[in-house]
Amino acid sequence: MSVVAMSPARPTLVRAVCVREWREALGNKLLVGMTLLPPIVILIAGIGAVAAAAVNPPSDKDVQALYASAPAVAGLDPKDAVQGFIATYFLILFMLIPTVVPLTMAIYSVIGEKASRTLEPLLATPVGVGDLLFAKSLASTIPSVIVTWAAYGIYLATVISIGSTAAVHAVTAPRWILAIIVLVPLLTLLSVNLGILISTRVNDVRVAQQIGGLVVVPVVGLGIAQVTGRVVLDNGAFLEMTAVLIVLDIAVFWLARLAFQRENILVRWR
């Protein structure tokens, strides 16, 4: 009966912690800037690059270099090929947003509270450590996913309006749309939980960001291989990546839960 009685309180606790995290984040101008700046820069640069490629025809040297580095676009009209390559390249950068933005938010949510001594009173409440970590994870994940989806939606609409046929095909390819819809939330969760895990052992924001930034490396490598045609993200590969990310998300959250001990925080983080 006690379990049944406590169950309705869990969503309330999670929601309360999320609202608290968002309120504190909005009050931190530096954190807000670090959250919005990467997607805005990538969005403006991507739209500008596609627009510039639509106006300025590529040189023969650039075309030959493009065909050599990206066999997948060989045979296309040079101008279309360049726009398609640029449009796809910036899709890789959009996939980096969920590995960078939420990492910063998650690190600040733990290390920042270490420094301000606001975490101890929260842990003194009946909220469980697992619920607290889940709420902090959601609080960093939700804004990052929304920002990424919004930036991609603007980029998609703009490329469709001004881009070539190859560019439109690139940004509307089912594999990239699925990657944005499915892989972005999973990558965001991985980055957030990794940030929380690192923050339990590190007291310096810059050090935590440097360690957590390693999650960017495999995303960049896979994206470049996809753009150049050396790796094809077909349905089978997409399902495998999804399964791997789900397993990693669960494993990293579990490790963060083990490292985030209430007694250790209340006694030793002083």
Please name all residues satisfying side-chain contact (heavy atoms from CB on, under 4.5 Å) with [X], sequence neighbours left out, ordered by chain then number.
| X | value |
| --- | --- |
| V182 | L186, F238, T242 |
| L248 | L190, V244 |
| I160 | L156, V168, T172 |
| I181 | I177 |

(request) Check the pair L93 / L96 against side chain to side chain contact (heavy atoms under 4.5 Å, CB included), numbers first and verdict last. (result) CA-CA 5 Å; L93 298 184; L96 294 182; 3.9 Å; yes
(message) Check the orientation of Y152 and F94. Use parallel for under 30°, tilted for 30 to 60°, and perpendicular for over 60°.
(response)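 Taking F94 first and then Y152, their aromatic rings stand perpendicular (interplane angle over 60°).
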What is the minimum heavy-atom distance between [X] and [Y], and which atoms define it?
| X | Y | result |
| --- | --- | --- |
| P185 | V145 | CA-CG2, 3.9 Å |
| P38 | G33 | CD-O, 4.3 Å |
| W22 | P143 | NE1-CG, 3.5 Å |

(message) What I'd like to find out is whether the side chain of W149 reaches to under 4.5 Å of the side chain of P39, using heavy atoms alone.
(response)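 W149 vs P39: side chains apart.
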(request) Flag yes if I154 and M95 sit in one hydrophobic cluster, no otherwise; membership is Ile, Leu, Val, Met, Phe, Trp, Tyr, and two members link when side-chain heavy atoms are under 4.5 Å apart. (result)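 Same cluster.
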(request) Identify whether I97 and L178 are in the same connected component of the hydrophobic contact network (ILVMFWY, side-chain heavy atoms under 4.5 Å). (result)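 Same cluster.
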Measure the spacing between [atom1] of [X] and [atom2] of [Y] and express it to the nearest 0.5 Å.
| X | Y | atom1 | atom2 | value |
| --- | --- | --- | --- | --- |
| F134 | F253 | CZ | CZ | 7.5 Å |
| T158 | I44 | OG1 | CD1 | 11.0 Å |
| T188 | I142 | OG1 | CD1 | 11.0 Å |
| L255 | L194 | CG | CG | 10.0 Å |
| L197 | L258 | CG | CG | 9.5 Å |

(request) Could you pull out all residues at least two apart from S137 that satisfy side chain to side chain donor-acceptor pair (under 3.5 Å)? (result)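 Only N193 meet the side chain to side chain donor-acceptor pair (under 3.5 Å) criterion with S137.
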(message) My understanding is that a hydrophobic cluster links ILVMFWY residues whose side chain heavy atoms are under 4.5 Å apart, including indirect links. Using that, what else belongs to the cluster containing L189?
(response)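 When side chains under 4.5 Å apart are linked, L189 ends up in no cluster with other residues.
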(request) Give a yes or no on whether the backbone of L91 and the side-chain of W176 come within a donor-acceptor separation of less than 3.5 Å. (result)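 Pair absent, no side-chain N/O of W176 close to backbone of L91.
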(request) Step by step, work out the side chain to side chain contact (heavy atoms under 4.5 Å, CB included) result for V50 and F90. (result) CA-CA 10 Å; V50 173; F90 276 93; 5.6 Å; no
